[in-house]
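Step one of this worksheet: look at the structure below.
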Amino acid sequence: MPESNSDQQNNDQENLDIFTKDFFDILFKGNETTDNTELKRQVNTLKQAAKDQELTTPIIALFSKLKSIRETQKLSPKAFGLERRELTTLALKHENIDEHDVSVGGRVEKALPIVQEAITRVDEYISAKTEQAPSGFELWDSILETQEKIKSYLNMNDDDWNSYSGQIKHCINSVEELSKVIDLPERVIKEVTRVTKDYRMRLTPYYASLIQTKSANDPILLQSVPTGEMIDNLGEEIPPVAADHSPARLIDQFYPRVVTIKATNMCAMYCTHCLRLAHIGKKDRIYTEQAYEEALDYIRGNDQIRDILITGGDSFVLPNKILKKILTALDEIDHVKMKRLGTRIPVTAPQRVDNELLDILAQSNDKKPVRVVTQINTAQEMTPLSGDAFKRISKNVFAVLNQAVLLKGINDTRVKMWKLCETIQENYVRPYYLFNCSYRNPQFTHFRVPIEKGQDIIESMYGNISGDAIPRYIATAGGKIPLHRSNVQGSSDGDIILKKPWNGEVVNYPDADKGIYENERFAFMKP
Ligand SMILES: *Cc1c(COP(=O)(O)O)cnc(C)c1O
Ligand code: SF4
């Protein structure tokens, strides 16, 4: 039997979900008359669009307008000739169109305000990220200008600039040289000259071109040019890691199943915060065939070892021939299942990433997974050139991971760290670790950031940027120790009390029942 018109209307009213009913109750509590003809015209246009189109957007536009009119002018939909019946029909139309049956009340009263509130958490970042933490992409025009200056001063032609050998041949090793190609403030020159006698300085012309001379605290400058603090901080030396963690030649081992081979002591650029300062030493060394063989023998003889990190120095400094040899030898060891290559070269000398190297990576990756582990500390280090190098590497290996160091003045703010993590992720590099700058080398006490500050920065990322762009925060102290804060606040009555890192809201989360977990068997396992 066909329902009567008014039965249908009553049914419709009841079919509304609780969010929409509450929403309508509020709307219709407003005043029922107005002589604002302009507003009437606007509402009428929105109503017509909501009725005519088989789409959700115009319906939401109408209801959002009615909500805002109710809030700002205390007017009911009736002031525009809209009855509850007509709005109910539109609300049900919305629910019917929407694939997930989302109601008008749910969307307008709950979802949209929640999104609006969430947006306020990233407002500051979005408005500040280009100015406070420009990427190498954003600075590219200025970088190109500096490149031209450097090329002409160093007498480099395009072939020199675009080749790794050209970059290495023209490396900048002193502040005198650097000050010729970059406008360094007088203070910086004096400070640096004081220390380069004791500390090694080297940067590729390419890396030097990333320096933005307007700022004395340029993050590229701070990372590559030793400053007075490094001498002033000298005090009690803590013996280098290798002294107590090297069970065999070239090998460092903290863990049973992962070891590193320090395959070279060279880098295309020497970092002022380098953990391996002592190992990098004062001069380049070429390692002998026997050294690599002894390291490989140690791995061959210990069949619990599964993952090998080839590091340095910088593993990409090694000639292709040697890299290939080591990777091939590792691939031939049955118990070795994974390999990693530690390198900063894609950011310090991206010209190194040639097709021959990519082929070596691809061939080894075909046998057992290869990960390339890099170190990028600011978005400024990611340029069209390094981005391209990472893209090409990522096509040939299992993963490209970043290990950043938390450094004062370089990446110790929310905006700088978010920007770094987002920028590298957009360039095929996944944030992996963020290291607290080590206590071990007194030379870089001035770069250290309190643990708590790092925890705040990391915590601010949850819920606000992609989960797989959030690194794990780590202290290195004879192995890597996680530094994250616990978001478990306590427990009550079988619930765990959790804190949402992005807004501090506390939620109760029912834990699994221990009795069921320990005693119950699955139905198909019961006798
Ligand atoms: C970092 C490091 C590793 C690897 O640690 P993961 O947590 O697996 O990344 C292994 N050995 C040494 C000596 C290291 O410094
Ligand atoms: S690239 Fe790595 S090993 Fe080389 S100087 Fe920098 S931190 Fe040290």
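Computation of the quantities below employed the complete heavy-atom set of this structure, encompassing side-chain atoms and omitting hydrogens, waters and symmetry-equivalent molecules. Only a predicted model underlies this, so the values are computations on that prediction, with no experimental measurement involved. One-based numbering, in listed order, for ligands and for the atoms of each.
Of the options R371, K368, R257, a side-chain contact (heavy atoms from CB on, under 4.5 Å) to M338 is made by R371 and by none of the others. Here the rule is side-chain contact (heavy atoms from CB on, under 4.5 Å) with Q167, and of T204, I345, T348 only T204 fits it.
Close approach to C267 involves these atoms of ligand 2, each under 4.0 Å from a residue heavy atom: 1 (S), 3 (S), 4 (Fe), 5 (S). Close approach of ligand 2 to R344 (heavy-atom distance below 4.0 Å) involves ligand atoms 1 (S). Every atom of ligand 1 with a heavy atom of Y432 under 4.0 Å away is listed here by number and element: 6 (P), 7 (O), 8 (O), 9 (O). Close approach of ligand 1 to K480 (heavy-atom distance below 4.0 Å) involves ligand atoms 1 (C), 2 (C), 3 (C), 4 (C), 5 (O), 7 (O), 14 (C), 15 (O). The distance from ligand 1 to the heavy atoms of Y433 drops below 4.0 Å at these ligand atoms: 6 (P), 7 (O), 9 (O).
Put simply, no part of G312 is less than 4.0 Å from ligand 2, judged by heavy atoms. In this structure, R340 counts as a contact residue of ligand 1, since one of its heavy atoms falls inside 4.0 Å of the ligand.
When heavy-atom distances to ligand 2 are checked against a 4.0 Å cut-off, H273 has no atom that comes that close, whether in backbone or side chain. Proximity of V259 to ligand 1, defined as any heavy-atom pair under 4.0 Å, is not found for any part of the residue.
Salt bridge K325/E289: present, at least one basic N to carboxylate O contact under 4.0 Å.
At a threshold of 4.5 Å between non-hydrogen side-chain atoms, the residues E177 and S174 count as touching. Residues V181 and K149 are not in side-chain contact: their nearest non-hydrogen atoms beyond the backbone lie 4.5 Å or more apart.
For atom 6 (Fe) of ligand 2, the N/O/S atoms of C274 include none lying under 2.8 Å.
Judged by the 6.0 Å and 45° rule, R352 forms a cation-pi pair with Y164.
Heavy-atom contacts from other residues, nucleotides or ligands closer than 6.0 Å to CD of Q304 number more than 12.
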